[in-house]
Amino acid sequence: QVQLVESGGGLVQPGGSLRLSCAASGSIFRVVAMGWYRQAPGQERELVARINSGGGIDYADSVKGRFTISRDNALNTVYLQMNSLKPEDTAIYYCNGYIYQDIKTWDAYWGQGTQVTVSS
């Protein structure tokens, strides 16, 4: 069993910053990739950023230059530094991880979500 626990969401004014954290715990053999998705009301869940075990990174075009994803492999933790936040960044942010529990068995795991609200 694997759990992803997020923290760091909240209310921030436009132009402000927030840092999200997500820690994976449980029966972990190897973490392949971790990332962040978000879902705004009435919209589909979308990729924000992801980072693989080799350090390769993808960003959504809408956050490039403003958000930075990083990970601490020793702690199985991924971070999302969000700067220059805009009202359209308001959403529930979900942590995602592709994780092997043993040498053969892998699955995609999701955190419970953390609310980010950008408003004056």
Side-chain angles (χ1 to χ4, degrees):
Q1 188 117 7
V2 174
Q3 299 83 37
L4 301 181
V5 178
E6 303 125 334
S7 61
L11 172 65
V12 64
Q13 292 187 343
S17 298
L18 282 174
R19 188 188 193 218
L20 305 182
S21 300
C22 172
S25 63
S27 180
I28 297 173
F29 175 73
R30 185 168 69 95
V31 177
V32 176
M34 294 185 76
W36 293 93
Y37 288 71
R38 67 187 180 187
Q39 187 167 20
Q43 298 188 19
E44 294 188 355
R45 191 173 297 190
E46 63 174 0
L47 173 69
V48 177
R50 62 186 168 205
I51 182 168
N52 62 34
S53 57
I57 292 174
D58 294 307
Y59 291 104
D61 288 342
S62 59
V63 307
K64 283 180 181 176
R66 300 188 298 122
F67 291 11
T68 302
I69 190 170
S70 60
R71 65 188 280 180
D72 185 324
N73 291 331
L75 297 178
N76 290 325
T77 298
V78 66
Y79 307 95
L80 186 68
Q81 178 65 43
M82 305 185 293
N83 298 329
S84 302
L85 282 160
K86 304 175 181 179
E88 50 263 44
D89 294 317
T90 295
I92 300 175
Y93 284 69
Y94 296 92
C95 178
N96 167 264
Y98 287 89
I99 298 171
Y100 277 85
Q101 292 189 60
D102 56 47
I103 199 167
K104 293 184 189 178
T105 308
W106 71 273
D107 207 343
Y109 298 89
W110 293 90
Q112 78 283 0
T114 185
Q115 178 70 47
V116 172
T117 302
V118 184
S119 174
S120 54

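None of these values were measured; they are calculated from a predicted model.
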Open item on the list: Other residues, nucleotides and ligands only: do more than 12 of their heavy atoms fall within 6.0 Å of CD on Glu88?
Closed with: yes
TODO: For Lys104, enumerate each residue passing the salt bridge (Lys or Arg N to Asp or Glu O under 4.0 Å) test, keeping only those at least two apart in sequence or located in another chain.
DONE: none
Task: Contacts of type salt bridge (Lys or Arg N to Asp or Glu O under 4.0 Å), residue Arg30, not counting sequence neighbours - done: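 Partners of Arg30 under the salt bridge (Lys or Arg N to Asp or Glu O under 4.0 Å) test: none.
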- [ ] Hey, could you give me each pair passing salt bridge (charged side-chain N to carboxylate O under 4.0 Å, His left out) that has a residue in residues 72-87? Not counting sequence neighbours.
- [x] none
- [ ] List for me each residue that meets side-chain contact (heavy atoms from CB on, under 4.5 Å) alongside Val12, sequence neighbours excluded, and say none if there are none.
- [x]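 Leu18, Leu85, Val118.
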Task: Set of residues satisfying ring pair (Phe, Tyr, Trp, His ring centres under 6.0 Å) with respect to Tyr94, sequence neighbours excluded - done: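 Not a single residue meets the ring pair (Phe, Tyr, Trp, His ring centres under 6.0 Å) criterion with Tyr94.
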Open item on the list: Once ring pair (Phe, Tyr, Trp, His ring centres under 6.0 Å) is applied, do any residues pair with Tyr98, and if so which ones, sequence neighbours excluded?
Closed with: Trp106
Side chains of [X] and [Y], heavy atoms from C-beta outward: is any pair under 4.5 Å?
{"X": "Thr114", "Y": "Ile92", "value": "no"}
{"X": "Val31", "Y": "Arg71", "value": "yes"}
{"X": "Asp102", "Y": "Tyr100", "value": "no"}
{"X": "Ser17", "Y": "Met82", "value": "no"}
{"X": "Asn96", "Y": "Leu47", "value": "no"}
{"X": "Asp107", "Y": "Ile99", "value": "no"}
{"X": "Tyr109", "Y": "Gln3", "value": "no"}

Who are the side-chain hydrogen bond (donor to acceptor under 3.5 Å, both in side chains) partners of [X], not counting sequence neighbours?
{"X": "Ser119", "result": "none"}
{"X": "Asp89", "result": "Arg38, Arg66"}
{"X": "Asp58", "result": "Arg50"}

Open item on the list: According to disulfide bond (SG atoms under 2.5 Å apart), does anything in residues 32-105 pair up with another residue at least two apart or in another chain? List the pairs.
Closed with: Cys22-Cys95
Task: Ala40 to Ala91 - nearest heavy-atom pair and separation - done: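 Minimum heavy-atom contact is N-CB, 3.8 Å.
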Open item on the list: Under 4.5 Å between side-chain heavy atoms, counting indirect links through other Ile/Leu/Val/Met/Phe/Trp/Tyr residues: same cluster for Ile103 and Ile28 or not?
Closed with: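 Ile103 and Ile28: separate clusters.
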TODO: Treat each ILVMFWY residue as a node, draw an edge where side-chain heavy atoms are under 4.5 Å apart, and state whether Ile57 and Val48 are in one component.
DONE: yes
TODO: Would you mind listing every ring pair (Phe, Tyr, Trp, His ring centres under 6.0 Å) that reaches into residues 20-46, with sequence neighbours excluded?
DONE: Tyr37-Trp110
Open item on the list: Taking ring pair (Phe, Tyr, Trp, His ring centres under 6.0 Å) as the cut-off, I'd like each qualifying pair that reaches into residues 52-85, sequence neighbours left out, listed once.
Closed with: none
Task: From OG (Ser53) to CG (Asn73), nearest 0.5 Å - done: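 Between Ser53 OG and Asn73 CG, I get 7.5 Å after rounding to 0.5 Å.
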Task: Audit row: Met34, Leu4, side-chain contact (heavy atoms from CB on, under 4.5 Å) steps and yes/no - done: CA-CA 10 Å; Met34 294 185 76; Leu4 301 181; 4.2 Å; yes
- [ ] Show your working on side-chain contact (heavy atoms from CB on, under 4.5 Å) between Gln101 and Val2 and close with a plain yes or no.
- [x] CA-CA 8 Å; Gln101 292 189 60; Val2 174; 3.9 Å; yes
Open item on the list: I'd like to know if the side chain of Glu6 reaches the main chain of Gln112, judged simply by a donor and an acceptor atom lying under 3.5 Å from each other, with no hydrogens or angles considered.
Closed with: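 Present.
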